Every structure is written in structure tokens, then in C-alpha cells.
Enquirer: 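First, the structure itself, so that you have it in front of you.
Numbers restart at 1 for each chain; the letters A, B, ... are given by sequence-line order, proteins then strands. None of the values given here were measured: they were computed from a predicted structure.
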Amino acid sequence: MQTILQVDNLTKQFNGFTAVNRVSFEVRAGEIVGLLGPNGAGKTTIIQMLLTLLSPTEGSIEVFGKNLEHHREELLSQMNFAAPYSTLPYNLTPKENLTVFSFLYGVSNQEKKAEFLLREFNLTALTNEKTGRLSSGEQMRLVLAKAFVNNPKLLLLDEPTTSIDPAIARELRSKIHKFMRQNGGAILWTSHNMREIETMSDRIIFLSRGKIVADDTPQNLKKRFQEEDLEEIFINIARGSLNKST
Amino acid sequence: MNVLHVFGVFYRNIILIRRSIPKLFGLFGFITFELFLWGFVTLWLRNLAPQDEKLNFILLILSGLIFWHLFIRSQQSFSISFLEDVWSRNIINLFAAPVKLSELVAGFALISIVQGLLAFFYISTVAFFIYALNIWSLGLYIIPFFMNVLIFGWALGLVTIGLIIRLGPSADILAFFIPFLLLPFSAVYYPITVFPPFLQKLTLILPTRHLFEGMRTVITEGIIPIDSLFWASALNLVYLFLGFLFFYWMLRTARKKGYISRLTHD
């Protein structure tokens, strides 16, 4: 399988504090990779470096074999992301927001694309409402719709279902799955919802204090750490009591 | 440069202006009330000095007001367009999109030109009907004057955005405050001869000083001061370049130190 994302020795330091410490991993076409770890493990810092919002202190990021720093615009046009902390302009309607982002991602037939995504994410009834008036769940659906505006080959999701009720979260997971299988792309997904990560991910990367402590399939991880579920592994990592690192 | 990206930046802001009454008031309302204020002051001044027929107070002061407002529009089109994305926590989406810095700046410049033209045509029409002010009597000087005022606004807008990135969203007051720092020294409503000699020399670095002095020369002497236009244009090119460098430098620093994500929650 083609490697879509290759991260090598990625390090980020802030005033002497190391938030991400020599992290290396890859994501291949068709893969959904879960990035797990307690608060402060470095998940969001990694996502932000992958979006070029942060520059690495050391290490390199390659997308489709090209250096992200040197081919920023070309590579970002094949990526997208969604996170609950990054909402869309509240004073625009959902349709206007999706149209604006179609332009920003260089997509043609902007209005048609916006209408298609509104349908796919069950937002058609809210087409002309101001985004700020939508519920948090509806806003998150819109943020996810925006993440598909350019049919990304690499999708970065930072806790995308945090503020959504379980029924809608399940529906969104299935949509994300469907879209990415159609595109042949890959997803890097962070979440605190262990069940979600276990259901969705082909592979899970566990982070603790900026370092990778495990990188394997959910089944292999449970076997290796001799735990019944991922939550126990997660709790042990958060407490720093996990000795069986890879 | 990708035209779709530039249009995306432009379109996002035009939708806002078109729909929002407070924003329309910002574009047309403030200048209307300022026009009333300065118009009445001007009428009073004219009554004080009726014997001096050479002086056209209305043209002198209200032309200054109209072009100063254009300068503020230009600077604020840049900084407030950026702040809209900060206030709505959309800034990460914007910087994670495949938009080049030059495309972002071009989008802001386009907004500034459209807003500037709208405000200029509106207020010059209102001034014509209320005070019989014919701004077009400035003749051809209007075109380079208009462009230079806009460009200096862009340069200052880029510096403002750079400072907001560096200092965080709480520094948004700078977007409204910075132009007023230059107002007393730009010779908008009075000639530079009222300045003390050292200040006359110091203000040579301001393009607005050359432009507004030039405007007065056109009104009082009827000639286009080429030297004023030359200095204003040359200074503007330098400041626009420096403004872009400053913006680029602040963004690079922000990427190193994590200031971009701070813009969503400071």
C-alpha cells in the first residue's frame, strides 16, 4: 500500500519543554490510524505540525513522498481537518461556509459541492440558518462536511465526535468511513473515546509525554498488554504505570 | 497565484458586509456623522473669515475628511477581515487551507478596494448634495491620491495583523487605534507649517503627510504637485514591502512558538 504520510523523528519544543519527542510513524492509503494518549501527550501538537500551524523543532513530515514544509500549498490541497475547537464563521450560513471553503481549497462548482455536502451530512434543512445558531452537534457536522470539501486523501480529525450525541456520532463515523473508502485516502484520528477508536482504527498509536509507547492493531495491543480493552491500556499509560512498551 | 483562493478570502468578507447592519453602518454611517460634524465646523469657519475668498474651507477640510476616512477603511478592511476569523475561531481552518500568504493579502486588498470605492462614492455624493462639495474638482490628482491612500492603509493593515498574531486576540483594539496615531502628524486638516520645524522634518517619513499637503496644493494653487506624489508613492512601496515582511516574520514566529492556536482561545 502506498505511504501517504511519513513522519520521521518529529520533535517540538517550547521554551525547553519537549511536547513531542522524536516521533516516527507512517500512515498508508486506506488506513485509519488512531492517535491516543492522555491530555498533554502531544496529539494536538502533532496534528498542528501536520497542518503547518506549528513548525517542527526537528524531524520531517512527508505527504505523498514530498516534504510538507517545501510543498505546503500543494500538499494541503490534498488534506483537510476537523476539530471541535476550530469552528466555522458563525455569521455565515452553512451553505456559505462550505462555498467559501470550496474556493479556499480550489474546488470547482463550489455551490453544487456545498449542496452535496449539506445533503450528505443532513444539514439541508439548515442551509440558510446562521452557523452560530446551530446546536453544537450540528456545528460539528458542518465542520466535518467542510473537511470533505476537497475530497482529501489525508484527513486529520482531532476528537471529532466530542460534542455529539452517541447516535449522531455513530452516523458520522459511518459517513467518514464511507467517504474515505470511496476516496482511497487515509485518516489520522485522535479521540478519548476508546470504543470509537477501537471500532474505527486499523492501527493505534499510543502516545505518552510526547513519545510513542505503542503502535499496533487494536487486537495486537490488547494481546501485548494483556488487557481486555483499550481503556485499561489508556488508563495505565495516563498513570505512567505501563512498563510494556514496544 | 490561485484566483479561486483570492476570491474565497474576498467572498467570505463581502457576504458579511452585505448582510450585517452594524458592518454597513461602519462602512457608511460613521463617515456620514463625521461629515455633518466637520461640515458644520467648516461652515462656521467660513463665516469667521468671509473676506478671504481664496480659501475654500469646505473643499479643504471635507476633502481631507473623505480621504482620511478612505485611509481608515483601507487599514481596517485588512485588519478587521483577519479579526473576523479570529473572533469566529476560524483562524485554524484558514491557516490550514492551501492558501498562500500572497493570496491572503490579495484577497484582503480586493476587499479594501471594493469597500474604499463604495465609501468614497457614497460620501462624495452626500457631500455634494449637503455642502455642494465637488470632490472631483481635484481632477486627475484623485486617482494617484486614492491609490496611495489605499496602499498605505494596506501596509499599516499588515503591521496590525502581525501585531495581533504576536500579541493575541486581546490586541484587537489596535485595529481601531493605530490609524489615529498618525492623524495629528498627517496634515489632514491643516498645513504642515503649523508644526514646529523638527516635526515638519520628522513627518517627511509619512506618505499621508505628502498626500494631504499635495491635496491642499491642488485646491489652493490648482497645480498637481508631482514631488509630493513621487515621495508618497516611493514611501508607500517601501512601507508595503516592510509591512509584508513584518507579517511574514510574525507568522513564522507564530508557527515556531504556537501563537496561531492561541488565537482561538486567548
Side-chain angles (χ1 to χ4, degrees), chain A residues 12-15 17 19 44-45 47-57 69 71-93 95-97 99-108 110 130-132 139 142-143 146-147 149-150 152 156 158, chain B residues 1-23 80-104 106-107 110-111 165 249 251-266:
Chain A
K12 185 66 196 177
Q13 292 175 325
F14 298 103
N15 299 323
F17 168 73
T44 298
T45 306
I47 296 275
Q48 292 195 352
M49 283 193 276
L50 296 176
L51 291 168
T52 71
L53 301 171
L54 271 177
S55 50
T57 309
E69 197 186 336
H71 298 86
R72 181 183 173 273
E73 288 80 22
E74 179 195 342
L75 296 175
L76 283 180
S77 68
Q78 299 175 70
M79 299 163 63
N80 213 316
F81 109 113
Y85 53 80
S86 186
T87 51
L88 295 176
Y90 48 78
N91 34 22
L92 267 60
T93 66
K95 187 176 177 186
E96 287 166 345
N97 267 316
T99 307
V100 166
F101 276 93
S102 298
F103 278 114
L104 294 181
Y105 277 86
V107 175
S108 52
Q110 299 84 13
K130 290 238 180 99
T131 297
Q139 289 201 26
L142 180 61
V143 168
K146 171 246 140 192
V149 86
N150 58 330
L156 308 172
D158 199 0
Chain B
M1 188 173 288
N2 187 322
V3 180
L4 290 178
H5 296 171
V6 177
F7 188 76
V9 176
F10 171 76
Y11 181 59
R12 180 246 190 283
N13 286 283
I14 285 300
I15 297 169
L16 280 184
I17 295 161
R18 203 180 55 191
R19 177 181 304 140
S20 160
I21 290 171
K23 284 189 196 310
I80 295 187
S81 298
F82 179 78
L83 276 170
E84 285 292 345
D85 286 313
V86 173
W87 290 329
S88 58
R89 301 201 314 166
N90 181 46
I91 204 74
I92 288 184
N93 290 320
L94 182 69
F95 281 126
V99 177
K100 287 181 188 163
L101 209 56
S102 55
E103 291 164 348
L104 189 66
L110 201 57
I111 297 157
I165 289 174
W249 176 45
L251 202 55
R252 222 180 128 178
T253 308
R255 286 193 168 119
K256 264 188 199 158
K257 303 203 169 183
Y259 295 152
I260 294 177
S261 58
R262 191 185 65 177
L263 287 171
T264 61
H265 54 74
D266 192 14

Enquirer: Could you tabulate the donor-acceptor pairs under 3.5 Å formed by side-chain atoms of residues 82-95 of chain B, not counting sequence neighbours?
Expert:
unit_1	atom_1	unit_2	atom_2	d
Glu84(B)	OE2	Lys23(B)	NZ	2.4
Asp85(B)	OD1	Arg12(B)	NE	2.8
Asp85(B)	OD1	Arg12(B)	NH2	3.0
Asp85(B)	OD1	Asn90(B)	ND2	2.8
Trp87(B)	NE1	Asp172(B)	OD2	3.1
Ser88(B)	OG	Glu84(B)	O	2.8
Asn90(B)	OD1	Asn93(B)	ND2	3.1
Asn93(B)	OD1	Ser86(A)	OG	3.3
Asn93(B)	OD1	Lys146(A)	NZ	3.2
Asn93(B)	ND2	Ser86(A)	O	3.3
Asn93(B)	ND2	Ser86(A)	OG	3.3
Asn93(B)	ND2	Thr87(A)	O	3.1

Enquirer: Find the one option among Val99(B), Asn2(B), Ile260(B) whose heavy-atom pairs under 4.5 Å with chain A are most numerous.
Expert: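 Winner by heavy-atom pair count: Val99(B).
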Enquirer: Under a 3.5 Å distance rule, please check whether Lys12(A) uses its side chain to pair with a backbone N or O of Lys256(B) as donor and acceptor.
Expert: yes
Enquirer: Could you have a look at Asn150(A), Leu50(A), Leu92(A), Val143(A) and say which one has the most heavy-atom pairs with chain B under 4.5 angstrom?
Expert: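 When all of Asn150(A), Leu50(A), Leu92(A), Val143(A) are compared, Leu92(A) has the most.
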Enquirer: Can you name the nearest heavy-atom pair linking Leu53(A) to Ala96(B), along with the distance?
Expert: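 Between these two residues, the closest heavy atoms are CD2-N, 4.1 Å.
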Enquirer: What part of Val107(A) gets within 4.5 angstrom of chain B, counting heavy atoms only: side chain, backbone, both, or neither?
Expert: backbone
Enquirer: By a 4.5 Å heavy-atom criterion (distance strictly below it), what part of Thr131(A) contacts chain B: side chain, backbone, both, or neither?
Expert: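 When you check distances to chain B, no heavy atom of Thr131(A) falls under 4.5 Å.
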Enquirer: Looking at Glu96(A) and Arg19(B), is any side-chain nitrogen of the basic one under 4.0 Å from a carboxylate oxygen of the acidic one?
Expert: yes
Enquirer: At a heavy-atom separation under 4.5 Å, does Lys257(B) approach chain A through its side chain, its backbone, both, or neither?
Expert: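 Backbone only.
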Enquirer: Taking side chain as everything from C-beta outward and backbone as N, CA, C, O, which of these in Gln78(A) sits under 4.5 Å from a heavy atom of chain B? Side chain, backbone, both or neither.
Expert: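 Looking at Gln78(A), nothing touches chain B.
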Enquirer: With respect to chain B, which residue among Phe14(A), Phe101(A), Tyr105(A) yields the maximal number of heavy-atom pairs within a distance under 4.5 Å?
Expert: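 Among the listed options, the one with the most contacts to chain B is Tyr105(A).
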Enquirer: Which atom pair, heavy atoms only, marks the closest approach of Val100(A) to Tyr11(B)?
Expert: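 Nearest pair, atom of Val100(A) first, then Tyr11(B): CG2-CD2, 3.7 Å.
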Enquirer: Under 4.5 Å from any heavy atom of chain A, what part of Val9(B) do you find: side chain, backbone, both or neither?
Expert: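 The answer is both parts of Val9(B).
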Enquirer: Are the side chains of Leu4(B) and Gln110(A) in contact, using a 4.5 Å heavy-atom criterion?
Expert: yes
Enquirer: May I ask you to test the Ile15(B)-Thr99(A) pair for a side-chain heavy-atom distance under 4.5 Å?
Expert: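 No, too far: nothing below the 4.5 Å cut-off.
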Enquirer: Top residue by heavy-atom pair count (under 4.5 Å) with chain B, among Pro89(A), Ser77(A), Ala147(A), Ser108(A)?
Expert: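 Ranked by contacts with chain B, first place is Pro89(A).
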